[in-house]
Number of protein chains: 2
Amino acid sequence: MTVRQPLPSDLFEELCPSSMVPFRFGDKWSALVIRCLEDGPRRFSELRVPLHRVTPKMLTQTLRGLERSGLVSRTAHADPALGVEYALTPLGRSLLKPMWALCDWAAEHWEELLEAHEAYEPRRLA
Amino acid sequence: MTVRQPLPSDLFEELCPSSMVPFRFGDKWSALVIRCLEDGPRRFSELRVPLHRVTPKMLTQTLRGLERSGLVSRTAHADPALGVEYALTPLGRSLLKPMWALCDWAAEHWEELLEAHEAYEPRRLA
DNA sequence: CAGAATCCGTTTAGATACTG
DNA sequence: CAGTATCTAAACGGATTCTG
């Protein structure tokens with residue numbers, strides 16, 4: 001039996017930088033958008049295809065959030081016909097690796113997750 | 001310039017197992033709770049200390065969610081004085097590594113994130 | 001094409017008080 | 001100690017409509 005350290009008195013404070021991650025990527029679309037930009041810049045309408053459940057509003061909102069965090073850049077071409085391109089910044093790219101790790105984990109374990117979910121019964125008294 | 005693959009027609013569908021991750025851990029407390037259980041079982045009240053911004057309701061809700069996913073186990077001792085203990089299941093433990101990766105990323109880059117956040121200005125017209 | 005604006009229902013979170 | 005119950009405020013998400 002190992003000696004257990006007491007828990008820090010305010011983990012929320014202490015892990016703020018990391019709890020910022022779920023804060024920023026925990027929303028419904030951010031992670032998916034990042035993955036859409038994995039192999040090159042994409043245009044607004046191009047992003048809507050694989051995420052066809054997203055409304056333009058939410059996509060804009062998501063993109064703005066990612067821009068604000070410095071993860072995605074937006075380039076409006078002089079020629080409007082060329083559209084607007086979104087791309088990962090180097091910072092955004094650096095997030096890919098840990099994100100893949102999480103995705104791999106999920107891919108490996110999602111059956112277990114599902115099983116657990118179905119096997120679960122609310123609560124047996126006593 | 002590399003050849004860009006067309007994006008899959010429904011990434012939401014395709015990444016469902018992985019988008020399940022933000023779904024399940026994207027909430028405000030799950031990740032933090034998991035980290036609180038890193039080095040051993042903890043009791044309900046013990047968990048409230050480092051997460052003192054959490055209300056009992058939210059903590060219960062979070063723990064139930066993690067239980068339902070098979071990531072956390074709950075043990076009510078026969079002797080009520082011993083309280084109720086929550087612990088990571090093996091599945092829960094297996095999540096630690098990818099989670100650390102993400103935390104490390106955040107720890108490394110949160111200054112950049114903050115800077116980007118402050119430097120950001122809503123949108124320059126034209 | 002790339003959004004912005006508005007409306008509105010749903011979900012989520014927090015405060016507070018109470019219980020076995 | 002380990003929650004539950006209730007209520008309210010705020011955030012989120014989607015549908016729809018409109019514009020440079």
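In what follows, every chain begins at residue 1, and chains take the letters A, B, ... in the order their sequences are listed. Since the structure is predicted, the reported quantities are computational estimates derived from the model, not experimental observations.
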Undergrad: Could you give the CG-to-C1' distance, from B:L82 to D:dA2, as a whole number of Å?
TA: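 Going from CG in B:L82 over to C1' in D:dA2 covers 14 Å.
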Undergrad: C:dG20 P sits how many Å from B:D79 CG, rounded?
TA: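 Rounded to whole Å, this separation is 20 Å.
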Undergrad: Side chains of A:E115 and A:W110: is there a donor and an acceptor less than 3.5 Å apart?
TA: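 Side chains of A:E115 and A:W110: no pair found under 3.5 Å.
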Undergrad: In whole Å, I'd like the distance from the CG atom of A:L63 to the P atom of C:dA2.
TA: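 Result: 11 Å.
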Undergrad: Roughly how many Å is it from CG in A:L59 to P in D:dA15, rounded to a whole number?
TA: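 So the two atoms are 14 Å apart, to the nearest Å.
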Undergrad: Establish, with yes or no, whether the OP1 or OP2 oxygen of C:dG14 is under 4.0 angstrom from a side-chain nitrogen or oxygen of B:W29.
TA: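 So the side chain of B:W29 is within the cut-off, an N or O lying under 4.0 Å from OP1 or OP2 of C:dG14.
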Undergrad: Checking A:T89 side chain against A:G70 main chain: does a donor-acceptor pair fall under 3.5 Å?
TA: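 Yes: the side chain of A:T89 pairs with the backbone of A:G70.
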Undergrad: Return yes if the base of C:dG14 and the side-chain atoms of B:K57 contain a donor-acceptor N/O pair under 3.5 Å, otherwise no.
TA: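 Counting by modelled atom types and ignoring angles, a donor-acceptor contact under 3.5 Å is found here.
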Undergrad: Nearest whole angstrom, please: distance from the P of D:dG3 to the CD of B:Q61.
TA: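 From B:Q61 CD to D:dG3 P: 14 Å.
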Undergrad: Is there a residue in residues 41-51 of chain A whose heavy atoms reach under 4.0 Å of DNA chain C, and which residues are they?
TA: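 A:R43, A:F44, A:S45 - these, ordered by number, are the residues of the stretch whose heavy atoms sit under 4.0 Å from the strand.
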Undergrad: Could you state the NZ-P distance from B:K28 to D:dA10, rounded to the nearest angstrom?
TA: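 Value for this atom pair: 14 Å.
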Undergrad: Select one nucleotide: of D:dG3, C:dA2, C:dA13, the one nearest the side-chain heavy atoms of B:D27.
TA: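 In terms of side-chain proximity for B:D27, the closest of D:dG3, C:dA2, C:dA13 is C:dA13.
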Undergrad: Roughly how far, to the nearest 0.5 Å, is the CD atom of A:E85 from the CG atom of A:L37?
TA: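 So the CG of A:L37 and the CD of A:E85 are separated by 10.0 Å.
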Undergrad: Tell me, do B:V33 and B:V54 make a side-chain contact under 4.5 Å, heavy atoms counted?
TA: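 No - every pair of side-chain heavy atoms lies 4.5 Å or more apart.
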Undergrad: How would you list, by chain and number, every residue that makes a salt bridge (charged side-chain N to carboxylate O under 4.0 Å, His left out) with A:R53, sequence neighbours excluded?
TA: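 Partners of A:R53 by the salt bridge (charged side-chain N to carboxylate O under 4.0 Å, His left out) criterion, ordered by chain and then number, come out as B:D10, B:E13.
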Undergrad: Nearest 0.5 Å, please: how far is OG in B:S69 from NE2 in A:H109?
TA: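 Atom-to-atom, A:H109:NE2 and B:S69:OG are 13.5 Å apart.
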Undergrad: Looking only at side-chain N and O atoms, does A:R74 come under 4.0 Å of OP1 or OP2 in C:dA2?
TA: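 Indeed not, no polar side-chain atom of A:R74 lies that close.
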Undergrad: Take atom CZ of A:R64 and atom C1' of C:dA4, then tell me their distance rounded to the nearest Å.
TA: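 Between C1' of C:dA4 and CZ of A:R64: 10 Å.
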Undergrad: For A:Y86 and C:dG3, is the shortest distance between a side-chain N/O and OP1 or OP2 below 4.0 Å?
TA: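 Indeed, a polar side-chain atom of A:Y86 lies that close.
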Undergrad: To the nearest Å, how far apart are B:M58 CE and C:dT12 P?
TA: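 Going from CE in B:M58 over to P in C:dT12 covers 9 Å.
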Undergrad: Once you round to the nearest 0.5 Å, how far does CG of B:L59 lie from CZ of B:R64?
TA: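 Atom-to-atom, B:L59:CG and B:R64:CZ are 9.0 Å apart.
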